[in-house]
Amino acid sequence: MDSTPPPRELLEMAIDVARDAAATAHRMRAEGVSVAATKSTVTDVVTAADRAVERQITDALRRLRPGDAVLGEEYGAAEHGTDAPARVRWIVDPIDGTVNYLYGLPHCGVSIAAEVDGEVVAGVVRNIHTGEEWTATLGGGAWRDGRRLRCSTETDLGQALVITGFGYHPGRRAHQARVVAELIPQVRDIRRLGAAAVDLCVVAEGRADAYYEKGLAAWDQAAGGLVAAEAGLVIGGLKGLAPGPDMVIAAPLALFGPLHDRLAELDASGGP
Ligand code: LIP
């Protein structure tokens, strides 16, 4: 008998866990945070809060659903305690926008997605500082604080406000800077806010028109990508690839093609 709960039930679990996690992150920030370690480069930082919050989330999820798998940014794929393959996998970014969190900038969030048989079916992103909470279930729409979200209806790339982000490796940043330097005269403007999961939710509710970024991990995009898709955005990679580490583009139907083609011309998924 299939014991996998419906997406709505998985979402409710994720929301409860995300709220507690965001409260912990907010409290730890108020108490003062510092860099606990670095990862890919000296600017790719981890705080004690990233680690503590991911442990809190993983422990809570495993209490709720002991046989599920968990993939988190800081601790990777936590063992799910059984040999049987897990149908449900939780994809967790405990604090997306870690540098913003370290500096006390309010654009950062807890991101938890539930994947069933390899497809994300539920997701929540909660801004640690503002309490804004974006949710979605597959086919159930995207919501923020009880309001259904609809993305931008912009059709002209030249009028589009486009959000992007940059990696931590200096060589990648140089390539990404060249791409954005070529793009910026051809759009309304560029914004770099610093947290992919929250960026995708901001675009989902039309507070920007489109988003693209190279270098996202599964935990950066799992929940925010579902919110964006359920708000009507087209989510894809370059040249027919699925959205992933090489490129994630989120744009309204009328903008996806023009933005995609321009990014392909600029080799936006290239570089180190
Ligand atoms: C961040 C992403 C952001 C990207 C940053 C960083 P982190 O994730 O959310 O979009 O531009 O370079 O990767 O490291 O704060 O979890």
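Index from 1, following the sequence. Remember, it's 1-based here, ligands and their atoms both numbered in the order they're listed.
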Give the numbers and elements of all ligand 1 atoms closer than 4.0 Å to a heavy atom of G165. 11 (O)
For residues R192 and I163, determine if any side-chain heavy atom of one lies less than 4.5 Å from a side-chain heavy atom of the other. no
For ligand 1, does D220 get within less than 4.0 Å through its side chain, its backbone, both, or neither, judged by non-hydrogen atoms? side chain
Does the N or O separation between G167 and ligand 1 drop below 3.5 Å for any pair? no
For ligand 1, the portion of N100 having any non-hydrogen atom under 4.0 Å away: neither
Could you work out, for atom 2 (C) of ligand 1, the closest of D96, L102, D199 by heavy-atom distance? D96
How far does CG of L263 sit from OG1 of T164, to the nearest 0.5 angstrom? 8.0 Å
Is the shortest distance from a heavy atom of I95 to ligand 1 less than 4.0 Å? yes
So SG of C201 and CD of E132: to nearest 0.5 Å the spacing works out to 9.5 Å
Under 3.5 Å, is there a donor-acceptor pair between the D68 and W90 side chains? yes
Identify the residue among D59, L61, T58 that makes a side-chain contact (heavy atoms from CB on, under 4.5 Å) with V17. L61
List every atom of ligand 1 that sits less than 4.0 Å from any heavy atom of A195, numbering the atoms from 1 in the order shown and giving each element. 9 (O), 10 (O)
Any donor-acceptor N or O pair under 3.5 Å, side chains R87, T4: yes
For G97, the ligand 1 atoms whose distance to one of its heavy atoms is below 4.0 Å: 7 (P), 15 (O), 16 (O)
Can you list every pair that meets ring-ring contact (aromatic ring centres under 6.0 Å, His included) and has a residue in residues 11-51, with sequence neighbours left out? H26-H129
Answer with side chain, backbone, both or neither: which part of W219 has a heavy atom less than 4.0 angstrom from an atom of ligand 1? neither
Is there a side-chain contact between L105 and L193 in this structure, where contact means two heavy atoms from C-beta onward sitting under 4.5 Å apart? no
Atom indices of ligand 1, in the order listed, that fall short of 4.0 Å to a heavy atom of E73: 14 (O), 16 (O)
Does E205 come within less than 4.0 Å of R147, counting only side-chain N to carboxylate O? yes
Polar proximity ligand 1 side, D44 side, N/O cut 3.5 Å exclusive: no
Distance under 4.0 Å to a non-hydrogen atom of A196: what atoms of ligand 1 satisfy this? 2 (C), 3 (C), 9 (O), 10 (O)
Short list, please: which atoms of ligand 1 are under 4.0 Å from a heavy atom of D93? 16 (O)
Taking only non-hydrogen atoms of F166 and a 4.0 Å limit, the atoms of ligand 1 in range are 4 (C), 5 (C), 11 (O), 12 (O)
